[in-house]
Amino acid sequence: MTTTQGAEPGTEQGTEYDVVVAGAGPVGLFLAAELRLGGALRVLVVERLAEVDETIKAGWINHPSVVALNRRGLLPELAAVREAVQERLKAFRDLKDVDGDTGSGSGSGSGSGSGRPERPRFAGHFAGIMLDPELFDDSGPEWADADPAAGPGLVLPQAELERALGRWAEQLGVEVRRGVELTGFTQDADGVAVQLDERTVRAGWLVGCDGGRSTVRRLAGFAFPGTAPEITGYQALVELSGAERLKAGWHTTDVGTYVHGPFPGRVLTVEFDSPPADRYAPVTAEELEASLRRVSGVPEVRVTGVRTATRFTDNARQATEYRRGRVLLAGDAAHVHSPFGGQGLNLGLGDAMNLGW
Ligand SMILES: Cc1cc2nc3c(=O)[nH]c(=O)nc-3n(C[C@H](O)[C@H](O)[C@H](O)COP(=O)(O)OP(=O)(O)OC[C@H]3O[C@@H](n4cnc5c(N)ncnc54)[C@H](O)[C@@H]3O)c2cc1C
């Protein structure tokens with residue numbers, strides 16, 4: 001039986017891949033590299049964006065992800081990035097009198113002053129409730145594979161991780177094509193004909209790592225039940241006027257939660273009373289400014305420029321199955337939830353490591 005999903009495929013070019021991965025986010029790239037290590041000969045990753053997305057998303061890699069990256073020898077390369085990030089964070093801390101933790105999913109760091117080795121002060125958080133780094137004990141065997149300098153996790157912007165994973169995947173022989181969109185596919189008992197813009201390639205398997213609004217998930221007919229959004233959050237890198245009036249770090253007010261820092265211009269707000277009117281509309285400076293003023297209670301703060309911005313919710317959904325025939329899902333394509341707990345990317349890297357072998 002042959003089933004067709006999405007646009008009707010055009011002329012097949014006879015190109016054969018073991019696996020086509022849709023999406024060069026962190027999960028797609030890590031999965032593609034794992035597939036090569038697992039013995040897949042020809043792996044193609046297609047990504048509709050021409051360049052790595054610089055929008056601030058995840059900023060902190062948790063311990064299981066650190067272990068996974070360490071097993072692949074990727075930590076030394078990422079450590080250099082981490083050092084540069086730590087310098088930026090330190091510059092902001094020196095500038096601002098930071099209240100409490102600046103751990104924001106982007107972390108903060110200095111020694112504990114207890115005579116123990118220097119380690120990031122940020123030990124992770126659960127939905128904004130900070131974990132106490134003084135209670136962190138890395139003497140157990142479960143920490144043996146970790147990078148001692150990373151402590152309980154690694155401060156690392158998602159875009160930097162994606163760049164590193166892109167280099168790693170290509171080094172292992174993965175073909176990564178940017179500026180190419182998956183628009184449809186046809187599957188039969190032996191494989192999948194994948195339509196990429198105007199051309200079609202043939203693969204043994206197709207994996208949708210194409211994010212929370214996954215085309216692969218929709219076209220393959222995976223059920224994606226869950227709960228509707230109830231909150232509105234923003235994370236952005238902006239130019240601010242009146243920034244000195246905003247306190248740095250995490251702050252909860254009567255209206256919501258806001259975070260300023262851990263580097264200049266990074267702001268995050270969460271308001272708990274309603275979902276956004278339009279989740280997919282571009283985020284404007286006016287919208288960010290209004291939210292920041294409401295939550296912080298600082299009417300003088302102005303957003304004068306937006307470098308990157310994203311709107312998020314607590315929409316929580318999970319596919320009821322991760323495989324339909326020769327089509328699979330991983331990462332946000334398979335499960336989405338509030339980013340407030342800082343877990344999504346980490347879960348996806350786990351999916352990739354498990355699926356790879
Ligand atoms: C504000 C915010 C903060 C976050 N903070 C954290 C955090 O602190 N910790 C954490 O672990 N996670 C965090 N997350 C979640 C994390 O960013 C996601 O879980 C992660 O990006 C998922 O990776 P992915 O590779 O599955 O999907 P994505 O990163 O969404 O990548 C999917 C890729 O597929 C491409 N694509 C889509 N459709 C197609 C198509 N048809 N053809 C070709 N390419 C396509 C997209 O362009 C994209 O590059 C946060 C998210 C947000 C929004």
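Note that the structure is a prediction, hence the values are computed from the model and not measured. Any value given below was found using the heavy atoms of this structure, including those in side chains, with hydrogens, waters and symmetry copies removed. Atoms within each ligand, like the ligands themselves, are counted from 1 in listed order.
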Min N/O separation Asn346 to ligand 1 under 3.5 Å: yes
Min N/O separation Gly344 to ligand 1 under 3.5 Å: yes
Polar contact flag for Thr310 and ligand 1 (N/O pairs, less than 3.5 Å): no
Nitrogen or oxygen of Gln235 less than 3.5 angstrom from that of ligand 1: no
Value rounded to 0.5 Å, distance of CG in Leu345 from CZ in Phe30: 10.5 Å
Heavy-atom neighbours of Asp278 CG exceed 12 at 6.0 Å: yes
Options Thr313, Ile61, Leu345, Asp351, ranked by nearest heavy atom to atom 12 (N) of ligand 1, top entry: Leu345
Flag for His335-Asp351: side-chain donor and acceptor within less than 3.5 Å: yes
Shortest reach to atom 32 (C) of ligand 1 by a heavy atom, considering only Gly23, Ala58, Cys209: Cys209
Residue-ligand contact Leu49/ligand 1, heavy atom below 4.0 Å: yes
Any Pro26 heavy atom less than 4.0 Å to ligand 1: yes
Pair Tyr234, Glu271: side-chain N/O donor-acceptor within cut-off below 3.5 Å: no
Polar contact flag for Gly331 and ligand 1 (N/O pairs, less than 3.5 Å): no
Closest to atom 50 (C) of ligand 1 among Ala352, Ala333, Gly179, Pro339 (heavy-atom distance): Pro339
Close side-chain approach of Glu47 and Arg177, heavy atoms under 4.5 Å: no
Thr55 versus Thr310, side-chain donor and acceptor atoms under 3.5 Å: no
Whether Val216 lies under 4.0 Å from ligand 1, heavy atom: no
